[in-house]
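Scroll down for the structure; my scribbles are underneath it.
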There are 2 protein chains.
Amino acid sequence: MIEAIPQTQTRADEAFDCLQTAIVKGELAPGEKIGELELCQRFQLTRGPLREALGRLESRGLLVRRPHAGVKVVSVSTEELLELYRIREVMEGLAARQAAARMTDEEVAGLQATLDAHEAMIEQAQGQAYYQAEGDYDFHHRIATGSRNTKLAQMLLGDLYYMVRMYRYRLSTSAGRPHRALGEHRRIVEAIAQRDGELAEFLMKRHINAARRNIEQKIEEGLLSF
Amino acid sequence: MIEAIPQTQTRADEAFDCLQTAIVKGELAPGEKIGELELCQRFQLTRGPLREALGRLESRGLLVRRPHAGVKVVSVSTEELLELYRIREVMEGLAARQAAARMTDEEVAGLQATLDAHEAMIEQAQGQAYYQAEGDYDFHHRIATGSRNTKLAQMLLGDLYYMVRMYRYRLSTSAGRPHRALGEHRRIVEAIAQRDGELAEFLMKRHINAARRNIEQKIEEGLLSF
DNA sequence: TCAATCATTTTTGTTAACAATAAAGCGGAT
DNA sequence: ATCCGCTTTATTGTTAACAAAAATGATTGA
């Protein structure tokens, strides 16, 4: 009974994780036709589990698959990234509202703690992009789970966030504006702590809206062209 | 070139479709442990494609799968159905807003035509539940695609609507209130036709909110207990 | 020289046999 | 009699061989 969790990770699960991170990190070029055999020897597995993983990834929209024509990673555009942010705006607004009503006090405290850690990280490391992104991801992750809305959390954590991260890697869009984002995060947590769901929703929507406009601006400046 | 679309439907696709409809229609009981072999001979296919389809369905949250323990259809609760409507409210609100800005005039005309057909159907058939549900589905379907937001449409059409239909079958929740819903639909289309995105979003949110409260009321009356 | 058709070859889709794991049933001991 | 442990068994996970389809390349005709 040393093993508390049996959790026999199946090969298909491994394949799914490996491929997902590989796609998100851009190690697999978009549009590139990629063979199953190649993937097999690359990730050290056989075609059965691989195909199962491919099916899951296709279902999630990370790659497209034409019968007998192979798989290729989805092509991405800046327009689609902006559309993703529009979806995030309404969904995470809902998540914040429900989180304000349903999060336990302990969860709220944990949320504040992550913000403190995040602030220290920014000051110390001058806002290194990686930790910045990681902190941001942690924040939104906690609120999504805090909503206690199973399907909502599933859609955000399982679909949208992976998509956003993929686009960000592809377009090398660092989150930018670390201090300002942190301030917005603080206000959102404040509203949640006061159990003010409407305010939390409003602030979260404005927060994501600002992030989207920030990307739009960069595009106009030609910094994100590709 | 008689064949415009090659579309070699693969067996895994067939399996996916068959299983999805079977789950949605409630032909597979929730919680029931169901063997792969049983599914194979039931749908006349082998385990390879079947497993691929199972992976996709698991990824979409229609069934859960524990390693070596088999698959079972997700259990559902009225609370989760209400949560689905909360998600629909914000997502379809967004869809309506974007549809107002992006739908072509032809699409708007088509939307109005479906509403006319729907109205005729209701008067003639005294609002038979099936056609009622079908018309409702068609309406929301058109707006989702009309938003021109690829991921949004994918999430609504590929995930949420199947979920909602499954819950409705399980809880035998007929949509109810056909005339009132039709009127709400008309107002939404009106707003879209006038390219008033904000109004369309507001009306759509209120429409879905009303549907949710209708279900809540039925639950309180004990009509939906199970 | 270019185009079109046919054969080759690669790659995907499918199937069936094999291995591993967990559930279930049986037996013994307390 | 009940509980614990072991063995059995059935089901899942995996692998490799097989079949089919499409892309590629060469050859032949115009």
Side-chain angles (χ1 to χ4, degrees), chain A residues 1-20 22-23 28-75, chain B residues 1-20 22-23 28-75:
Chain A
M1 55 283 307
I2 294 165
E3 295 277 0
I5 304 163
Q7 294 279 15
T8 314
Q9 177 103 322
T10 176
R11 302 268 167 135
D13 293 333
E14 295 176 27
F16 179 76
D17 291 338
C18 287
L19 282 177
Q20 179 162 251
I23 292 173
L28 270 51
E32 178 189 5
K33 188 184 298 178
I34 193 150
E36 292 186 359
L37 176 60
E38 188 183 340
L39 289 173
C40 284
Q41 62 184 28
R42 179 168 178 173
F43 295 105
Q44 213 67 15
L45 41 87
T46 50
R47 287 182 57 214
L50 178 80
R51 286 179 63 79
E52 200 179 315
L54 289 180
R56 287 201 243 174
L57 289 167
E58 184 194 21
S59 164
R60 293 206 176 176
L62 271 76
L63 50 84
V64 292
R65 196 145 68 126
R66 266 214 336 253
H68 296 99
V71 305
K72 67 169 198 265
V73 180
V74 290
S75 311
Chain B
M1 41 191 62
I2 295 168
E3 293 279 359
I5 304 162
Q7 293 276 21
T8 315
Q9 178 105 317
T10 177
R11 304 266 167 135
D13 293 333
E14 296 176 25
F16 179 76
D17 291 339
C18 287
L19 281 177
Q20 180 163 249
I23 291 173
L28 270 51
E32 179 189 3
K33 187 187 299 180
I34 192 147
E36 291 186 0
L37 175 61
E38 189 182 340
L39 290 173
C40 284
Q41 62 183 28
R42 178 168 179 173
F43 295 105
Q44 215 68 14
L45 41 86
T46 50
R47 289 184 55 212
L50 177 80
R51 286 180 62 80
E52 199 179 316
L54 290 179
R56 287 201 241 174
L57 289 167
E58 183 194 23
S59 164
R60 293 206 177 176
L62 269 77
L63 50 82
V64 291
R65 196 144 70 124
R66 268 219 329 258
H68 296 98
V71 305
K72 67 169 197 261
V73 180
V74 289
S75 311

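Order of the sequence lines sets the chain letters (A, B, ...), proteins ahead of strands, with each chain counted from 1.
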Determine the sole option in B:L28, B:L57, B:L54 for which the side-chain contact (heavy atoms from CB on, under 4.5 Å) test with B:V71 is passed. B:L54
Given atom CG of A:L50 and atom C1' of D:dA16, what is their separation to the nearest angstrom? 15 Å
Salt bridge check, B:D17 against B:R56: does any charged N sit closer than 4.0 Å to a carboxylate O? no
Look at the side-chain N and O atoms of B:T46 and state whether any lies under 4.0 Å from the OP1 or OP2 oxygen of C:dA16. no
Report the distance from atom CD of B:E14 to atom C1' of C:dT14, rounded to the nearest whole Å. 12 Å
Can you tell me how far P of C:dG13 sits from CZ of B:R51, to the nearest Å? 17 Å
Among C:dT14, D:dA23, D:dG13, which nucleotide sits nearest the side chain of A:R66? D:dA23
Using a 4.5 Å cut-off on heavy atoms from C-beta on, say whether the side chain of B:V73 contacts that of B:I34. no
Out of curiosity, A:E52 CD to B:L50 CG, how far, rounded to the nearest 0.5 Å? 9.5 Å
Figure out the NZ/C1' separation between A:K72 and C:dT11, and round it to whole Å. 16 Å
Nearest whole Å is fine: how far is C:dT15 P from B:L45 CG? 8 Å
Go through residues 31-40 of chain B and report each residue with a non-hydrogen atom lying under 4.0 Å from DNA chain C, sorted by number. none
Would you say that more than 12 heavy atoms from the other residues, nucleotides or ligands in this model lie under 6.0 Å from the CZ of A:R66, or not? no
Expressed as a whole number of angstroms, how long is the span from B:F43:CZ to C:dT14:C1'? 19 Å
Let me spell it out: for each of B:R65 and A:A69, pick the nucleotide of DNA chain D with the closest heavy atom. Which residue's pick is nearer the 5' end? B:R65
Sugar-phosphate only, base, or nothing, as touched by A:R47 at under 4.0 Å among non-hydrogen atoms: base
Is there side-chain contact between B:Q44 and B:E14, with at least one heavy-atom pair below 4.5 Å? no
Tell me: CD of B:Q44 to C1' of C:dT14, nearest whole Å? 15 Å
Going through the distances and angles, do B:K33 and B:E38 end up as a side-chain contact (heavy atoms from CB on, under 4.5 Å)? CA-CA 11 Å; B:K33 187 187 299 180; B:E38 189 182 340; over 6 Å; no
To the nearest angstrom, how far is A:Q9 atom CD from C:dA20 atom C1'? 16 Å
Using the side-chain heavy atoms of B:H68, tell me which of these nucleotides is nearest: C:dT12, D:dT14, C:dA22. C:dA22
